[in-house]
Amino acid sequence: MASPRFTNLVRRWVPLCIITLPLLCGFAMSDFNDHIAAKRKYLSQEARKMFYHAYDNYLTYAFPHDELKPLSKSFTDSLSELGNLKLEHLPQSYNGSALTLIESLSSLVVMGNNTEFERAVLWLSENLTFDVDARISLFECNIRVLGGLVSAHLLATDSSKRLSQGKYNNELLDLANDLGRRFLWAFNTSTGLPYAWINLKHGVMEDETTETSTSGCGSLILEMGALSRLTGNPIYDAAALRALRKLWSMRSSLNLLGTTLDVETGEWLEYSSGIGAGIDSFYEYLLKAYILFGRDEFWHMFHSSYLAVQKHFRHGPCFRYHEADMRTGKATYWQLTSLQAFWPGLQVLVGDIPAANLTHREFFYVWKRFGVLPERYLLDRAMLHPTEKYYPLRPELAESTLYLYQATKDPWYIDVGESIMKSLNMYTKVDGGFASIRDVSTMQLEDHQHSFFLAETCKYLYLLFDSSFLASENYVFTTEGHPLPVRSSWHDWLPDVSMPTDVTSVKINNLSTKSSALSSQICPALLATLKEDQPVESACHIHDGRASHRCESHEECGIDSTTCRQRSCSLAGYCGLWLLI
Ligand code: DMJ
């Protein structure tokens with residue numbers, strides 16, 4: 001029996017503890033939250049400083065040309081490949097396409113600088129022309145220029161009244177329309193697949209290469225779809241959709257696509273495939289087009305591709321992605337590439353948060369090891385690729401970090417963002433801007449500040465620390481980081497109501513759920529097709545063959561919903577996560 005003294009102690013202290021502990025915890029939690037809020041505020045100011053260091057130097061040394069050379073404090077007209085023409089032989093009126101200015105428009109809005117946004121919009125409205133004898137990449141010009149203009153037009157004309165009344169008369173949309181018309185030349189092929197290169201003045205040049213990439217054909221639908229909806233001319237959407245459908249018809253029996261192809265014959269030139277260069281934004285645009293336009297067709301294409309990727313490219317407990325032959329699924333290259341780092345962000349959109357978190361950690365591990373992400377890292381030999389050792393200020397890891405933070409609110413991602421920002425300031429900041437890294441093993445710099453550093457890298461870091469821009473509307477970010485608002489008038493099935501926040505309430509078949517273009521968690525189309533006894537967990541979820549989970553072979557087992565890993569058949573005849581694959 002307990003002594004009376006002990007009983008007294010318990011009587012006196014236990015109720016006190018029960019009352020005070022939650023209070024203490026509450027105080028500790030609120031202290032912690034205050035600390036995170038203060039840290040985010042400070043870091044958002046640092047991200048803003050980074051952006052303006054890049055922007056101001058661009059304006060001083062490179063504007064109105066395309067991009068800044070921060071070491072020599074000069075410029076490059078990187079968007080156009082001018083062949084034998086030298087700049088001084090160009091007409092007087094030619095002054096570059098001010099690419100970095102176009103790419104900065106939406107970042108200025110995200111950072112709340114409406115005055116500079118207006119100044120840039122008005123300058124572009126008066127001076128930008130696409131009537132130039134320049135050979136441009138359709139893919140790059142679409143994501144950077146068309147995307148930049150369409151997004152800025154939407155931001156200039158939404159209800160926020162960012163521009164002084166009467167000053168803007170849809171000039172950016174007119175420019176986008178003009179550019180879109182020039183793009184259409186590229187689609188004049190027997191397959192509907194567009195040429196990778198066009199001359200803005202003369203169309204497709206004689207002897208132009210017929211080789212292009214999967215991304216080049218399959219990442220046009222957001223910008224061209226938006227342009228059609230804004231102008232009321234369906235021709236842009238139709239061209240991009242036709243190309244996408246043709247591309248999808250070229251998939252293998254494994255639902256995989258290659259990375260390069262011929263636009264005239266419609267045949268694959270490169271069968272090795274993955275989630276990185278040449279195909280990355282193809283997956284991204286299927287899901288984002290579904291979120292923006294609500295067409296089930298996009299979801300079906302995305303879902304099949306996503307499952308195929310998880311099944312054939314992912315390996316190991318660490319959730320790395322190798323490359324494989326689209327026809328056989330056999331591994332070709334065991335490489336982690338910088339571009340692949342967008343994948344966890346896409347996984348957040350689809351709701352596979354645990355998988356996104358694990359993959360993100362892989363990329364951050366390599367970032368920490370080298371200080372930044374090398375373009376290619378050989379997984380099988382745990383070493384840098386002999387030639388592709390560069391880091392051109394790419395945004396993908398910051399992008400995925402933002403998506404993961406939005407979905408989880410885990411402060412660890414704030415630390416990751418802080419670490420990314422520190423590295424950028426330490427290794428790439430120079431007097432004249434931010435320079436790319438030529439070799440991550442020596443940190444030797446290269447004289448180039450890519451426009452996506454302003455459109456994406458700085459923007460994603462800023463949004464990680466200050467997401468007030470996201471509170472006003474539900475946005476889809478293009479692959480170049482340009483926000484497009486999700487609007488019911490553009491959408492096949494969203495209810496006709498305004499969406500004042502970044503979370504949209506969606507009701508399908510009496511089921512109500514919340515969906516956001518930044519962390520949708522649950523894909524509505526999947527929800528609509530569900531039977532009542534099948535809980536929605538993830539886009540990669542495949543049920544075991546039998547409800548009892550009994551099996552005779554691995555083929556009868558499905559894909560685990562939380563980890564997206566292939567389940568296998570145990571010796572006792574049950575499907576489960578028995579082996580690490
Ligand atoms: C950007 O131009 C776009 O994100 C594109 O989809 C591929 N990556 C570059 C930056 O790394």
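Ligands are counted one by one from 1 in listed order, and the atoms in each one are counted from 1 as well. As the structure is a computational prediction, the values presented were derived from the model and not from experiment. Count residues from 1 along the sequence.
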*Asks:* Check the surroundings of atom CZ in Phe370: do more than 12 heavy atoms from other residues, nucleotides or ligands lie under 6.0 Å from it?
*Replies:*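 More than 12 within 6.0 Å, yes.
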
*Asks:* Among all protein heavy atoms, pick out the one at the shortest distance from atom 9 (C) of ligand 1; state its residue, atom name and that distance to 0.1 Å.
*Replies:* Glu396 OE2, 3.8 Å

*Asks:* For Arg369 and Tyr377, test the side chains for any donor-to-acceptor distance below 3.5 angstrom and give the result as yes or no.
*Replies:* yes

*Asks:* Within ligand 1, which atoms have a heavy atom of Pro395 less than 4.0 Å away?
*Replies:*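 Answer for ligand 1: 10 (C), 11 (O).
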
*Asks:* Tell me the contacting part of Glu456 for ligand 1: side chain, backbone, both, or neither, using a 4.0 Å heavy-atom threshold, strictly below.
*Replies:*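 For Glu456, the contact with ligand 1 is made by the side chain alone.
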
*Asks:* Rounded to the nearest 0.5 Å, how far apart are CE of Met326 and CZ of Phe313?
*Replies:*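 These two atoms lie 9.5 Å from each other.
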
*Asks:* Taking distance alone, with no angle check, do Glu284 and ligand 1 share an N/O pair under 3.5 Å?
*Replies:*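 N/O-N/O distance below 3.5 Å does not exist for this pair.
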
*Asks:* Does the pair Arg295/Asp237 count as a salt bridge with the N-to-O cut at 4.0 Å?
*Replies:*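 Answer for the salt bridge query: yes.
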
*Asks:* Can a non-hydrogen atom of Glu399 be found less than 4.0 Å from any atom of ligand 1?
*Replies:*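 Checking ligand 1 against Glu399, which is what was asked, there is no heavy-atom contact under 4.0 Å.
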
*Asks:* Is there a nitrogen or oxygen of Arg394 sitting under 3.5 Å from a nitrogen or oxygen of ligand 1?
*Replies:* yes

*Asks:* Give a yes or no answer on whether the side chain of Asn113 reaches the backbone of Leu108 with a donor-acceptor pair at less than 3.5 Å.
*Replies:* no

*Asks:* Which residue owns the protein heavy atom closest to atom 4 (O) of ligand 1, what's the atom, and how far is it?
*Replies:* Thr479 O, 2.7 Å

*Asks:* For Tyr285 and Glu223, which I'm curious about, is there any donor-acceptor pair between the side chains at under 3.5 Å?
*Replies:* yes

*Asks:* Would you check if there is a donor-acceptor pair between the side chains of Thr332 and Asp325 at a distance under 3.5 Å?
*Replies:*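 No, Thr332 and Asp325 have no side-chain donor paired with an acceptor closer than 3.5 Å.
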
*Asks:* Would you say Ser97 and Asp77 are linked by a side-chain donor-acceptor pair, where the criterion is simply a distance under 3.5 Å?
*Replies:* no

*Asks:* Going by the order shown, which atoms of ligand 1 are within less than 4.0 Å of some heavy atom of Leu339?
*Replies:*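 Listed by number with element: 7 (C), 8 (N), 11 (O).
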
*Asks:* N/O of Asp280 under 3.5 Å from N/O of ligand 1, yes or no?
*Replies:* no

*Asks:* Could you check atom 2 (O) of ligand 1 against the protein and tell me its nearest heavy-atom contact, residue, atom and distance included?
*Replies:*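 Protein heavy atom with the smallest distance to atom 2 (O) of ligand 1: Glu480 OE1, 2.6 Å.
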
*Asks:* Within the 4.0 Å heavy-atom shell around Phe452, which atoms of ligand 1 are there?
*Replies:* 2 (O), 10 (C)

